[in-house]
Protein chains: 2
Amino acid sequence: MSPPANARSSKALLKGPALRKSAPIFAALGDETRLRLVAVLCAGSALSIAQLTDGTDITRQAVTKHLQVLADAGLVRDVKVGRERLWEFESSRLDEARRSLDIIAQQWDAALGRLQLALERS
Amino acid sequence: MSPPANARSSKALLKGPALRKSAPIFAALGDETRLRLVAVLCAGSALSIAQLTDGTDITRQAVTKHLQVLADAGLVRDVKVGRERLWEFESSRLDEARRSLDIIAQQWDAALGRLQLALERS
DNA sequence: TAAATATGCAACAACATAGTTGCATGTCGT
DNA sequence: ACGACATGCAACTATGTTGTTGCATATTTA
């Protein structure tokens, strides 16, 4: 059979912590409200909870919880300034998630390449 | 203030369906078991439920449910072959998710660039 | 100091998710 | 036809998620 040649690399892909560590990041991004918060914050400026709540149909407390989820995933960070709590985007974890998707896409492209090669041989 | 120059583009980023449509994809990827299934299937070969269950500590039915979640997100597809049901990776939705992360990262880089520029001017 | 602002904390309801078990159905090989 | 194999369906439990309300606390500002 042909698969043994790449069986080890695909197993390594799974055992390596890269993919497993990405699951919580994807889970954090897997909510429309949180994805919107990330999109707002990645524009650069640190914003308060009240500012992030404005223009939303949910309560300030709900936004706070979403921000906490994002913070647990390492996607945002908070800085206390006076009576405010400003939230800012943190890019490192998102980069990890990007790399994970790139690895999967790359693996898939390689599989398509092998299929193409096999077809040409027939 | 400096933000108005890019305020419209960041709003367009949010209103565009690209990001909102990605949330369900991230939600589907936000589980260790499902991420593993995707990683296995992106290696190329279509696998049966029994095969995908082997080497796991959960039941076949649990795997079936996870596959259904992935299918709802458009990340995998099933093909019935005899008494088996083979599952294969589907790359288009994953590419959408990749583009969404790229957009966010790009937005962030632009913000850093503006910050750098502002610092140099001082 | 007092009012207004910004946030924190806790309890609650509603719903979704992850996983199980038990049994039924369909398909292959003998 | 019959046993073995692969899967489907439904019910059920346990737990997590999302969002709410009510009240407490800290910080400005007048």
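A note on names: the letters A, B, ... follow the listed sequences, proteins ahead of strands, and every chain is numbered from 1. Quick caveat: nothing in here was measured; it's all calculated off a predicted structure.
- Applying the ring-ring contact (aromatic ring centres under 6.0 Å, His included) definition to pairs two or more places apart or across chains, those involving residues 79-122 of chain A are A:F89-B:W108, A:W108-B:F89.
- Here C:dT7 is the nucleotide among C:dT7, D:dG19, D:dG8 with the atom lying nearest to any side-chain atom of A:I49.
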Letter by letter from the 5' end, nucleotides 22-30 of chain C scores (B base, S sugar-phosphate only, - none; protein heavy atoms under 4.0 Å) B----BS--
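- Atom NZ of A:K65 is separated from atom P of D:dT21 by 12 Å (rounded to the nearest Å).
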Could you list the donor-acceptor pairs under 3.5 angstrom formed between side-chain atoms of residues 96-105 of chain B and any protein atom two or more places apart in sequence or on another chain?
residue: B:R98; atom: NH1; partner: A:D102; partner atom: OD1; Å: 2.8
residue: B:S100; atom: OG; partner: B:S22; partner atom: OG; Å: 2.5
residue: B:S100; atom: OG; partner: B:E96; partner atom: O; Å: 3.4
residue: B:D102; atom: OD1; partner: A:R98; partner atom: NH1; Å: 2.8

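- A close approach under 4.0 Å does occur between a side-chain nitrogen or oxygen of B:H66 and OP1 or OP2 of C:dG19.
- Residue B:A50 is in sugar-phosphate contact alone, with no base atom involved, counting any heavy-atom pair closer than 4.0 Å across all strands shown.
- Between the C1' atom of D:dG8 and the CH2 atom of B:W87 lies a distance of 12 Å, rounded to the nearest Å.
- In this structure, A:R85 atom CZ and D:dT25 atom C1' are separated by 14 Å, rounded to whole Å.
- Members clustered with A:V81: A:V79, A:L86, by chain and number, using a 4.5 Å side-chain heavy-atom cutoff among hydrophobic residues.
- The nearest whole Å value for the distance from the CG atom in A:L86 to the P atom in C:dT7 is 8 Å.
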Solution key, residues 70-77 of chain A side-chain donor-acceptor pairs under 3.5 Å, sequence neighbours excluded:
residue: A:D72; atom: OD1; partner: A:Q68; partner atom: NE2; Å: 3.2
residue: A:R77; atom: NE; partner: A:E90; partner atom: OE1; Å: 3.4
residue: A:R77; atom: NH1; partner: A:E88; partner atom: OE2; Å: 3.4
residue: A:R77; atom: NH2; partner: A:E90; partner atom: OE1; Å: 2.3

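- Tested against A:L67, the residues A:V69, A:T64, A:V63 include a single side-chain contact (heavy atoms from CB on, under 4.5 Å) partner, A:V63.
- What separates CD of B:E32 from P of C:dT17 is a distance of 18 Å, to the nearest Å.
- One atom, CZ of A:F26, and another, P of C:dT17, lie 19 Å apart when rounded to the nearest Å.
- As a whole-Å value, the separation of B:D72 CG from C:dA18 P is 12 Å.
- Following rounding to the nearest Å, B:L67 (CG) and D:dA6 (P) show an atom-to-atom distance of 16 Å.
- Between B:V69 and A:Q51, it is A:Q51 whose nearest contact on DNA chain C lies nearer the 5' terminus.
- Residues forming a side-chain hydrogen bond (donor to acceptor under 3.5 Å, both in side chains) with B:D54 (at least two apart in sequence, or on another chain): none.
- Between B:L52 and B:L41 there is a side-chain heavy-atom pair separated by less than 4.5 Å.
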